[in-house]
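Data first, discussion second: the structure below is written as structure tokens.
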Protein chains: 2
Amino acid sequence: MSRLLLLSSAMAGDTGYLVWTRPLIKEFLSAHSTPITRALFIPHAGVSKGFDTYLDHVRAALDLGDITLDSLHDSDDPESAIRRAEALIVGGGNTFALVSRLYDLNLMDVIRKRVGEGLPYIGWSAGANLAGPTLCTTNDMPIVEPPSFRTLELVPFQINPHFIVDKSAGHHGESREERLAEYLTLNPNSRVVALPEGTALRREDDRLELLGERDAWLLMHQGTQRLPAGQPCDGLLMSKVIEY
Amino acid sequence: MSRLLLLSSAMAGDTGYLVWTRPLIKEFLSAHSTPITRALFIPHAGVSKGFDTYLDHVRAALDLGDITLDSLHDSDDPESAIRRAEALIVGGGNTFALVSRLYDLNLMDVIRKRVGEGLPYIGWSAGANLAGPTLCTTNDMPIVEPPSFRTLELVPFQINPHFIVDKSAGHHGESREERLAEYLTLNPNSRVVALPEGTALRREDDRLELLGERDAWLLMHQGTQRLPAGQPCDGLLMSKVIEY
């Protein structure tokens with residue numbers, strides 16, 4: 001069992017914070033087999049603002065109605081909070097900070113296990129990266145060293161959030177596509193789903209669908225395929241070819 | 001003893017590959033206390049092209065005259081090649097690949113030791129990141145997992161190469177300044193020298209100078225200082241406040 005909503009970004013275009021995600025998150029939570037009364041927010045990717053502030057922003061922006069939003073950082077017993085959670089919402093920020101802190105709290109295994117048992121998982125940006133097999137396709141700066149690059153592997157492919165064709169004139173850093181091509185050169189059996197801002201993947205067990213109004217991309221060492229907006233892409237869940 | 005030339009980038013503006021670096025590298029090598037006849041290139045940050053091709057490009061672009069450019073990847077005994085080297089030139093590419101491969105070859109300690117004994121060290125981009133205490137301020141994607149984020153610590157501050165003020169309209173990924181501010185939030189005792197393309201640091205023992213025609217920036221948790229083009233900045237070498 002697996003219920004996932006993996007969002008590229010908190011913002012899309014010129015809309016406000018989490019505005020574009022709100023209908024997707026509400027629909028995803030309301031479609032659960034049993035009514036959800038509380039969701040657990042994981043703010044641990046946040047660096048520039050404190051966790052309290054982060055929680056306040058998300059509570060105000062998501063406006064979940066009858067669903068109470070608790071936060072992992074308010075719990076004295078984080079593992080128990082994960083065990084009791086009815087849904088997880090993992091916010092964006094820095095992927096290295098998120099992964100380091102979850103390893104420090106010894107929560108990676110229990111999150112993986114519970115989501116595998118059907119606990120609904122929502123994540124945007126770093127929270128979407130966390131759902132892949134490794135953090136290797138994050139866009140974030142490695143500001144802290146995690147014990148491992150392994151992440152939750154809730155899907156068998158890598159995710160690149162905030163995907164953009166971004167070669168800027170006059171600057172000689174690598175473009176996003178060049179970075180991902182280098183990843184695939186060193187990891188030729190891996191696959192990367194590149195999600196432009198405003199797109200998301202929704203998994204319901206063996207079904208996977210691309211949400212949003214823009215296409216996404218499947219990047220492989222052998223080449224690139226377009227994933228059309230609003231279409232199923234269940235095949236991405238079928239084979240597990242990532243070596244690590 | 002320490003002789004370092006740390007360059008932000010291989011390219012600057014619309015000039016060709018390594019063109020802007022050539023006079024700096026030639027002058028740096030010719031200023032050595034004994035004549036240098038051979039330099040050792042380390043191509044191990046290269047991912048998208050093979051090491052042979054990378055070496056050919058650098059040989060053609062640098063045009064070192066009487067100095068022969070060998071490459072580490074051509075050596076059957078890399079540690080011995082480092083021990084015998086008269087100068088090191090570490091090319092750019094992906095910092096995670098560079099660091100992983102040098103750890104795999106067990107070369108980090110011997111490089112650090114020899115450069116500490118006065119072996120001239122030249123590096124651009126990833127090769128400049130390698131000279132700092134950690135790879136935590138690289139711009140590169142973490143496409144492979146190195147055994148450690150610790151790097152050579154040939155200078156006591158972090159380096160951010162290809163520095164740019166780069167918040168692009170309509171995209172919601174973090175800007176470079178936001179990324180480095182997050183690094184300093186989690187590492188408040190660290191300092192980062194942000195080098196725009198076309199700038200370099202030259203260290204001669206206790207002296208440090210910013211080369212190039214643009215200013216650079218010293219980023220600290222307490223605030224930012226401008227490092228004026230062409231000026232000494234020896235003070236950066238004085239205190240070692242980085243905790244890791």
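Every chain is numbered from 1 and lettered A, B, ... according to where its sequence line falls, protein lines coming before strand lines. The structure presented is a predicted model; accordingly, all values stated were derived computationally and were not measured.
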Could you check whether the rings of A:F96 and B:F149 sit parallel, tilted or perpendicular, using 30° and 60° as the cut-offs?
perpendicular
Of all pairs that satisfy side-chain hydrogen bond (donor to acceptor under 3.5 Å, both in side chains), the ones with a partner from residues 11-27 of chain A, not counting sequence neighbours:
A:E27-A:R202
Is it the case that over 12 heavy atoms from other parts of the model lie below 6.0 angstrom from the NZ atom of A:K49?
yes
Rounded to the nearest 0.5 Å, what separates atom SG in A:C136 from atom CD in B:E145?
7.0 Å
Under a 4.5 Å heavy-atom cut-off, does chain A meet the side chain of B:T138, its backbone, both or neither?
both
Is any side-chain heavy atom of A:L180 closer than 4.5 Å to one of B:M141?
yes
Which residue is it: A:V144, A:V47, A:I143? I am looking for the one with a side-chain contact (heavy atoms from CB on, under 4.5 Å) to B:Y183.
A:I143
Engaged part of B:L135 at the chain A interface, taking heavy atoms whose separation is under 4.5 Å
both
Shortest non-hydrogen contact between B:L186 and A:R101, atoms and distance
CD2-NH2, 3.7 Å
In terms of heavy-atom proximity below 4.5 Å to chain A, should B:E182 be classed as side chain, backbone, both, or neither?
both
Under 4.5 Å to a heavy atom of chain A? For B:A12 that would be backbone
